[in-house]
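What follows is a set of notes on a single structure, which appears directly below.
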Protein chains: 2
Amino acid sequence: MNVEEIIKTTKKMPLETRTLIHITLIHNKIYEHVGNALKPFEVSLQQFNVLRILRGQKGKPANLSTLNERMVTKMSNTTRLVDKLLAKGYVDRCVCPSNRRKVEILITESGSQALTQMDKVVAETENEIVQHFSKQELEQLNLLLDKF
Amino acid sequence: MNVEEIIKTTKKMPLETRTLIHITLIHNKIYEHVGNALKPFEVSLQQFNVLRILRGQKGKPANLSTLNERMVTKMSNTTRLVDKLLAKGYVDRCVCPSNRRKVEILITESGSQALTQMDKVVAETENEIVQHFSKQELEQLNLLLDKF
DNA sequence: CCTTCATTTCTGTTTTAACAAAAATTTATC
DNA sequence: GATAAATTTTTGTTAAAACAGAAATGAAGG
């Protein structure tokens, strides 16, 4: 990925700026590719993310604040995101009996099965995106990214 | 930035997945910080980006397709983005006399002045974001990012 | 208990983005 | 030159995100 070529500029920009633009371009690429891979399932990246968190709960229900805390991209209205998963039958939701302010969200069997399918295509897409990296380079990259 | 800590997971994930989540988290950070820096000017990151492109034209007008081509994040409706810059008096727009399908967009004096101010705070923010990197590390990072 | 405050979720509103199709103009072809 | 095709921008509609405030419940202190 050549930054200058993509944004069609010949001007030399500060290394700091170039780095941040670079990250944004890569993010756009990830978002687009993974989003497309999920399109057949009619779920957004965010919804996929929530399903993964719920599976990670291993049967233990999660409430909204837990979801929000663990989401890659925090958003203000997780309620409506869960509404959509509910409409697809991928999750169950009920008020928490011990604290009726809270809500308990669980992935359904149907949600789990769909998620297994999604995992496959997402993993393939992820591998495609990083296909030009060796394992060692990926490790080196992660070390550098930790510095942000 | 510790990925596992931020998304509150203890599970070991594939290096590929971790890398892409990492990129997304960093992108969120950039977006948030630079967005906040621009807030006093009441322009979005995208609008700031367009102003920079227009300045790069050095007086030569740009049309919508040129803008779209050079934007970091492509979007379908650049028309409405330019509408907003127009409302703020930061750009001028008129139909291209030689090809009346096209439109010519120019940054105004007021836009240039505002942009100079924005540049300052954005550059500061960018430096903050990469403050833990040495110049050499930034170069190394850019080389790795080129592999995407 | 009653009042106040804190927590958690939900709702309303406004912005922004995504997608598709329409309108205006130019270019090409017969 | 008329008609069809291509290009560029605009508009309409729907979906998603951001922001702020309301509602419901629980906890604490008098």
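Every heavy atom of this structure was used, including side-chain atoms; hydrogens, water molecules and symmetry mates were not. Below, read A as the first sequence line, B as the second, and so on, with proteins coming before strands; counting in each chain starts at 1.
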Atom CG of B:L81 and atom C1' of D:dT9 are separated, to the nearest Å, by 14 Å

Indicate, with a heavy-atom threshold strictly under 4.0 Å, whether B:S65 touches base, sugar-phosphate, or nothing.
sugar-phosphate

Do A:Q113 and A:E109 have side-chain atoms, one donor and one acceptor, less than 3.5 Å apart?
yes

Between NZ of B:K74 and C1' of D:dT9 the distance, given in whole Å, is 18 Å

Taking atom types as modelled, is there a side-chain donor on B:N63 or B:T66 under 3.5 Å from an acceptor on the other? yes

In whole angstroms, the gap separating P of D:dC19 from CZ of A:R80 amounts to 14 Å

Separation of C:dT15 atom P from B:Q46 atom CD, nearest Å, is 18 Å

- Query: Hey, are B:E126 and A:T17 close enough side-chain-wise for a donor-acceptor pair under 3.5 Å?
  - Reply: yes

When rounded to whole Å, the CD to P distance for the pair A:E42 and D:dT14 reads 17 Å

Is the distance between the ring centroids of A:F48 and A:F41 under 6.0 Å? no

Taking C:dA18, D:dA18, D:dT9 as options, the one with an atom nearest any side-chain atom of B:M75 is C:dA18

A:N77 CG to D:dA17 P, in whole Å, measures 8 Å

Out of C:dT9, D:dC19, C:dT16, minimum distance to the side chain of B:K84 belongs to C:dT16

Among the nucleotides D:dA18, D:dT10, C:dC19, whichever has the atom closest to the side chain of A:S76 is D:dA18

Testing the 3.5 Å rule here: is there a donor-acceptor pair between the side chains of A:Q140 and A:Q136? no

B:N99 atom CG is separated from C:dA23 atom C1', nearest whole Å, by 15 Å

In whole angstroms, the gap separating P of C:dT7 from CD of A:E69 amounts to 14 Å

By nearest-nucleotide position on DNA chain D, the 5'-leaning member of B:R93 and B:K39 is B:R93

_Counting distance alone, no hydrogens or angles: does the base of D:dT9 have a donor or acceptor under 3.5 Å from a partner atom on the side chain of B:R101?_
no

Closest to the 5' end of DNA chain D, once A:S44 and A:P97 are matched to their nearest nucleotides, is A:S44

